[in-house]
Each structure stands twice: as C-alpha cells, then as structure tokens.
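Bear in mind that the values here come from a model prediction, so they are computed numbers and not experimental data.
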Amino acid sequence: MWTIAVAAAEGGMDKIEHGLRQSLHHARELQLPQSITQVLEASCRDVRSASGMDKERVEKLISQLVDVKAQIGKLLESQQEGFRPRPG
C-alpha cells in the first residue's frame with residue numbers, strides 16, 4: 001500500500017494524509033463496506049492530529065491499514081471468479 005511505503009520511508013505526514021484520503025475516496029467510489037471506510041476516515045483524523053504522534057500510535061495506525069488492505073484483498077478475491085493467488 002502506497003501510504004505504508006511513504007510511512008516506512010519517513011515521508012511527511014501531509015503525504016501520508018494525501019494517500020489515506022485517496023484510499024478513502026477509492027473505497028467510497030467502489031462502495032466498499034463501511035468497516036473499511038470507517039477505519040480510513042479514522043486514520044485520516046489520526047494523521048491530521050499527528051504532530052508528535054508517538055511510535056506506538058504510528059504502529060497501531062499502520063496495523064489498522066494493513067488490516068484494511070487484507071480486507072480489501074479478501075473482498076476482491078471473493079468477487080473474482082477462478083481467483084488464483086500469486087505463487088510465492
């Protein structure tokens with residue numbers, strides 16, 4: 001997920017917030033479940049108020065985003081007939 005990559009590269013919070021807002025926009029456009037959009041909305045709020053966000057809160061935010069990414073992946077898998085995961 002782009003937002004996590006920016007966070008990992010210590011990008012500015014404005015870039016992270018932009019990525020979250022884009023993710024939220026796409027989730028709404030695709031009419032993804034409210035459980036996903038609610039986490040993205042909360043993440044946007046958290047990042048906006050993140051000046052001085054401690055490591056624990058950042059890790060929690062990243063964990064929530066990883067969970068949302070997994071939910072989206074499972075949703076897409078269920079909608080794709082004959083889905084085969086990438087061999088790894």
Side-chain angles (χ1 to χ4, degrees):
M1 180 178 270
W2 179 86
T3 303
I4 294 171
V6 171
E10 297 182 18
M13 288 302 208
D14 57 331
K15 288 183 180 180
I16 294 171
E17 184 179 359
H18 171 76
L20 288 168
R21 288 191 175 288
Q22 283 295 105
S23 298
L24 178 58
H25 167 72
H26 292 297
R28 286 178 175 157
E29 288 296 310
L30 293 169
Q31 299 177 352
L32 295 181
Q34 191 174 17
S35 61
I36 291 173
T37 58
Q38 286 176 338
V39 170
L40 291 171
E41 288 169 350
S43 297
C44 287
R45 283 191 304 273
D46 285 350
V47 167
R48 208 174 307 123
S49 64
S51 62
M53 183 183 270
D54 63 20
K55 183 178 178 181
E56 185 177 307
R57 282 185 64 197
V58 170
E59 288 173 355
K60 180 180 177 187
L61 178 61
I62 290 172
S63 175
Q64 290 171 330
L65 294 172
V66 168
D67 183 53
V68 164
K69 179 181 177 280
Q71 288 179 49
I72 292 170
K74 287 177 185 175
L75 180 65
L76 294 174
E77 286 176 23
S78 73
Q79 299 298 313
Q80 184 178 351
E81 189 175 320
F83 173 80
R84 294 183 324 184
R86 184 176 68 190

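The line from CD of Glu77 to NZ of Lys74 is 8.5 Å long, rounded to the nearest 0.5 Å. To the nearest 0.5 Å, atom NE2 of residue His25 and atom CG of residue Leu40 are 12.5 Å apart. Taking CD1 from Ile72 and CD1 from Ile36, the interatomic distance works out to 4.5 Å, rounded to the nearest 0.5 Å. Within the model, atoms CZ of Arg28 and CG of Leu30 stand 12.5 Å from one another, a figure rounded to the nearest 0.5 Å. Taken from CD in Glu41 to CZ in Arg45, the straight-line distance is 6.5 Å, to the nearest 0.5 Å.
A 4.5 Å side-chain heavy-atom check between Gln34 and Thr37 finds at least one atom pair inside the cut-off.
Cys44 approaches Leu20 most closely through the heavy-atom pair SG-CB, 3.7 Å. In terms of heavy-atom proximity, Leu75 sits nearest to Pro33 at CD2-CD, 3.8 Å. Among all heavy-atom pairs drawn from Gln64 and Ser43, the shortest one is OE1-OG, 4.3 Å.
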Worked verdict on Asp67 versus Val39 for side chain to side chain contact (heavy atoms under 4.5 Å, CB included): CA-CA 9 Å; Asp67 183 53; Val39 170; 5.9 Å; no

